[in-house]
Every structure is written in C-alpha cells, then in structure tokens.
Number of protein chains: 2
Amino acid sequence: MAETEFPRPIVTVDIVLLTLREERLHIALLPRTAEPFAGVAALIGGYVHVEEDSDAEAAVARILKAKAGLSGIFFEQLQTFASVDRDPRDWSVSIAYFALVPQEVLDEAGVALELRPVDAAGELPFDHADIVRAARERLRGKGAYSTIPARLLPDIFTMSELQAIYETVMGERLDQSAFRRKINDLNLLEEVEGEKRQTERARRPTTLYRLKAPLAVFDRRI
Amino acid sequence: MAETEFPRPIVTVDIVLLTLREERLHIALLPRTAEPFAGVAALIGGYVHVEEDSDAEAAVARILKAKAGLSGIFFEQLQTFASVDRDPRDWSVSIAYFALVPQEVLDEAGVALELRPVDAAGELPFDHADIVRAARERLRGKGAYSTIPARLLPDIFTMSELQAIYETVMGERLDQSAFRRKINDLNLLEEVEGEKRQTERARRPTTLYRLKAPLAVFDRRI
DNA sequence: AAAATAGTGTCTCTCAGACAATATAAG
DNA sequence: CTTATATTGTCTGAGAGACACTATTTT
C-alpha cells in the first residue's frame with residue numbers, strides 16, 4: 001500500500017451565512033462569477049488557496065472578507081461534502097461552514113448580497129440545498145443548547161430580543177418566564193450597567209445585556 | 001474572481017476506529033506503510049481515490065475493508081482537518097470519520113490491528129491525536145443522546161451489557177433502575193423472544209435485546 | 001441457605017411549561 | 001388612567017438520581 005501520489009480532488013469552502021431580517025432567518029447568497037452556474041446565486045465560497053491560507057478557517061475568513069466584506073463574525077465548521085458528482089468539473093470536496101451575522105453588520109458591509117428566506121431559498125446550484133439544510137439542522141439542534149443564536153444579534157441586546165431570536169431559531173414559542181429563569185440560572189449574560197433603552201414598541205425601558213463569553217454551550221435546553 | 005484552477009491539496013480520509021476491550025475503549029491503529037512516519041502506528045486512513053470512490057463514505061468503506069477487513073460497521077463523519085502544516089508533504093485535507101465495532105467483529109476480521117486504550121494512545125503522527133480527541137468528545141457528547149454506544153456491542157445484548165457500555169462511553173456510573181426506565185420509555189429495544197442467556201458471571205438468566213433501529217437519536221439524556 | 005445478578009418500586013429534587021400577578025413607563 | 005411591555009412568582013407534572021426491595025438461578 002505504498003501510495004505515493006493520486007489525482008487530487010478540487011477543494012473548496014462554502015459558507016452558509018445566515019442573518020435575521022424581518023423576524024425570519026435569511027441566507028446570504030452571491031451570484032457566481034464563473035462557470036459552471038455563472039450568474040446563479042450560490043453559497044459564498046471559493047477555492048482553498050494553498051499558497052495563502054494556512055488552514056480551512058483562514059480560507060473562510062479570507063473569502064468572507066473578500067466576497068462579503070465581513071470580518072470577525074461567528075462561524076464554525078459544519079460538515080464536509082465530498083463526492084464525484086457534486087460538481088460537474090471534477091471530484092470535489094466542499095468543507096462547509098455556517099456563519100451568523102447580525103443584520104446591522106451585514107448592512108454596514110455594503111456588499112450586494114442576495115438575501116433569501118432560509119426556508120424558501122429556491123433553487124441552488126451544486127448540492128448547496130443540502131448544505132443549507134445541514135446548516136439549518138445544526139442551528140436548530142445546537143441552538144437550544146448554546147448561545148449561538150445570540151450571534152445573530154448585535155453585541156448589546158434586550159432580553160426580549162434574545163428570546164425572539166431563540167424562538168425564531170428553534171421554531172417555537174417560548175414562555176417568557178421560563179426563558180428568563182433559564183438565562184439567569186445559566187449565568188450567560190452581564191448587564192450593561194446604567195444603559196437602559198427603549199425598544200421601538202416598548203413603553204418601559206428595558207435592561208440591556210451582553211454575552212459574557214462569545215460562545216457558551218450548556219447541558220440544559222433553553 | 002474568475003477562479004479557474006488552483007493547486008490542489010492532498011485529500012485523505014482518516015478513521016478513528018473504536019472498540020471495547022476489557023471494559024475500556026480502545027483505538028485501532030495500523031503501522032504506516034509509507035513515508036512520512038513509515039512503520040509508525042497511525043489512524044486507519046488513506047487517499048481518496050477519485051477514479052474509484054464515488055464519495056467520501058465510499059472511500060471510508062473501501063479503506064475499512066482493505067486495511068481492516070471490516071464491512072458493514074457503523075461510521076459517521078466527524079470533522080475535517082485541513083491545513084498547510086498537518087502533513088509534511090503538502091497542504092492536506094483529512095476528512096475524519098469515527099467508527100465503532102464490537103470486539104467480536106474485530107477478532108473475526110483477522111487483521112493485525114494495534115489496539116491501544118484511547119485515553120493512553122501515546123504518540124501519534126500528524127495531527128492524529130487531535131482527531132482522536134475530537135472522536136472521544138463526539139462519542140461522549142452524542143453518546144448520551146443516542147444509541148451510538150450500542151454499536152460497540154454485538155447485535156444481541158443484555159440490559160446490563162448495554163448499561164456497562166454507556167457507563168464506559170460516558171465515563172460515569174449510571175443507576176440501574178433509572179437506566180432501565182429510560183431505555184424502556186424511549187422504546188429503543190425489542191426483546192429477542194424466548195432467548196435467555198446466562199452471562200459469564202450471572203446466576204440468573206437474563207433477557208436479550210436488540211436495537212429496533214440501527215441508530216436512534218433522542219432528546220433525553222441517558 | 002448464600003451468592004450473585006436481574007429486575008421493580010418509591011422518594012425527592014430539579015427543571016420545564018403554563019399562567020397569573022405586579023411594576024414601570026409613555027401617552 | 002390606559003396601554004404595552006418588563007419582570008417576578010406560583011403551580012404542576014415530567015424526569016433524573018438515590019436507594020431499597022424483590023426475584024431467580026447456581027453453588
């Protein structure tokens with residue numbers, strides 16, 4: 001089994017970039033600039049540049065910056081899709097990532113991304129529909145046990161906003177009382193002292209919070 | 001961004017093959033047959049063969065069969081390790097899988113695998129120690145919420161054996177009464193009717209069970 | 001009967017969901 | 001004072017852990 005060399009597959013990273021828009025999860029797509037599927041909206045992605053990227057995360061960061069104008073946002077590895085038929089060009093490997101970004105940050109980036117509701121994303125090229133499905137499942141599954149959903153919010157947020165995010169991500173209504181109790185028990189947030197704010201529709205100003213840690217995973221279900 | 005072609009990384013699959021031996025989790029290794037690290041015990045793995053493997057799972061199945069004499073065992077994708085420095089030869093991608101096999105099946109395979117306790121695996125080449133660590137965490141994490149640990153047992157097993165597996169995987173003692181209650185509530189097993197068996201040390205014969213489904217994931221913690 | 005494992009019953013505590021009640025500010 | 005949201009409290013039921021108890025077989 002002295003395997004020396006073999007024809008190598010294409011290696012890319014693809015990013016399921018999710019954000020919240022009008023209370024719904026949206027996926028950010030970019031029209032492809034090259035064949036195949038030139039002009040068709042697809043996941044943000046690109047080749048791994050072996051001369052330039054020290055690892056897959058570096059490739060993701062580079063591509064997010066170059067193609068979406070984003071840096072410093074949350075992303076984590078999702079799953080790798082690798083087969084002979086997922087790309088018409090050749091045997092291909094896509095190391096898929098999912099990323100979350102607050103809408104405000106996306107707006108500031110000033111890049112013309114196409115946002116589509118994640119549950120009505122329409123036709124997508126390659127196996128991108130499968131990748132999006134995997135991302136939704138991951139977000140839904142892990143969301144209930146982590147502060148990942150909070151990465152869809154700005155740094156500072158209200159308890160109600162946080163609850164709304166969890167409800168959207170998990171696709172179910174949550175009891176307000178139980179939600180607050182759990183968040184407090186888990187000790188995930190710190191108050192932004194002195195800063196009160198009125199949300200659009202609120203009468204009474206509300207306490208503002210921020211995450212103590214960028215990412216917390218816990219055992220209890222939110 | 002009309003990216004046409006780029007130098008391609010090496011693409012391999014690596015398999016963390018775990019089994020149970022003397023009540024402890026062991027990892028199955030093979031001495032490498034080629035440089036680098038020729039002769040050193042390493043994860044079972046190999047190049048993706050683009051002419052032969054239709055996808056990454058096919059590569060895993062082929063390699064498990066060729067190098068470990070195993071087929072039909074449980075495996076699932078773990079995580080992908082991709083960086084410039086994980087392999088001295090070149091920028092390299094390893095799509096890592098973890099696999100579980102009952103000791104009996106491993107014995108029948110008749111291949112000289114080196115078994116080491118997973119928590120004392122010693123030095124491993126490349127980043128294989130990281131991959132093993134990821135596999136342990138996955139097994140531990142997902143184990144409590146699925147029937148994955150049962151894939152370390154033969155098809156037919158006793159309730160005590162099942163409990164012992166979960167205890168090993170999760171690294172803690174479980175209450176017998178609570179364990180049985182949960183397993184029954186979750187409706188995961190079916191009795192193998194009429195078949196009673198005496199385990200080695202048992203006095204009283206015990207009911208035998210098999211899994212209703214090859215893999216069940218649930219919300220409750222075992 | 002003793003030993004050893006198989007299997008059941010019960011108590012308590014934590015936590016989740018449901019729902020009610022109170023608090024605070026704007027208009 | 002009304003309205004709308006923020007925030008707290010209480011009740012109930014499910015499930016987890018602890019532990020004691022019963023059952024069945026071999027020696």
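The sequence lines fix the lettering, A, B, ..., with proteins before strands; numbering per chain opens at 1.
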Integer-rounded Å distance: [N] [atom2] and [X] [atom1]:
| X | N | atom1 | atom2 | answer |
| --- | --- | --- | --- | --- |
| B/F179 | D/dG15 | CZ | P | 17 Å |
| A/E161 | D/dT7 | CD | P | 12 Å |
| A/R220 | D/dA16 | CZ | C1' | 14 Å |
| A/Q163 | D/dT7 | CD | C1' | 12 Å |
| B/Q176 | C/dA6 | CD | P | 7 Å |
| B/R221 | D/dA14 | CZ | C1' | 17 Å |
| A/L162 | D/dT7 | CG | P | 13 Å |
| A/Y166 | C/dA16 | OH | P | 13 Å |

Can you tell if the side chain of A/D127 reaches within under 4.5 Å of the side chain of A/D85, non-hydrogen atoms only?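 Of all side-chain heavy-atom pairs linking A/D85 with A/D127, none is under 4.5 Å.
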Please tell me if the side chains of A/L211 and A/F157 come closer than 4.5 Å, counting only heavy atoms from C-beta onward.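 Yes. Closest side-chain heavy atoms under 4.5 Å.
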What nucleic acid atoms does B/R181 come within less than 4.0 Å of, heavy atoms only: base, sugar-phosphate, or nothing?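 Counting heavy atoms under 4.0 Å across all strands, the contact made by B/R181 includes a base.
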Here's a test of your reading of the structure: between B/D185 and A/N184, which maps to the more 5' nucleotide of DNA chain D?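 The residue mapped nearer the 5' terminus is A/N184.
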Test side-chain contact (heavy atoms from CB on, under 4.5 Å) applied to A/L43 and A/I131, A/I15, A/T12, the passing residue: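 Between A/L43 and the candidates, side-chain contact (heavy atoms from CB on, under 4.5 Å) is satisfied uniquely by A/I131.
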Once the angle between the rings of A/F75 and A/Y97 is folded into 0 to 90°, is it parallel (under 30°), tilted (30 to 60°) or perpendicular (over 60°)?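 Answer is perpendicular, since the angle exceeds 60°.
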Out of C/dT8, D/dA16, D/dA6, whichever nucleotide has its closest atom nearest the side chain of A/R180: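 Ranking C/dT8, D/dA16, D/dA6 by closest atom to the A/R180 side chain puts D/dA6 first.
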Out of C/dA16, D/dA18, C/dG7, which nucleotide sits closest to the side chain of B/D175?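 Nearest nucleotide to the side chain: D/dA18.
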At less than 3.5 Å, do the side-chain atoms of B/S177 and the base atoms of C/dG7 form a donor-acceptor pair?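 Side chain to base: no pair below 3.5 Å.
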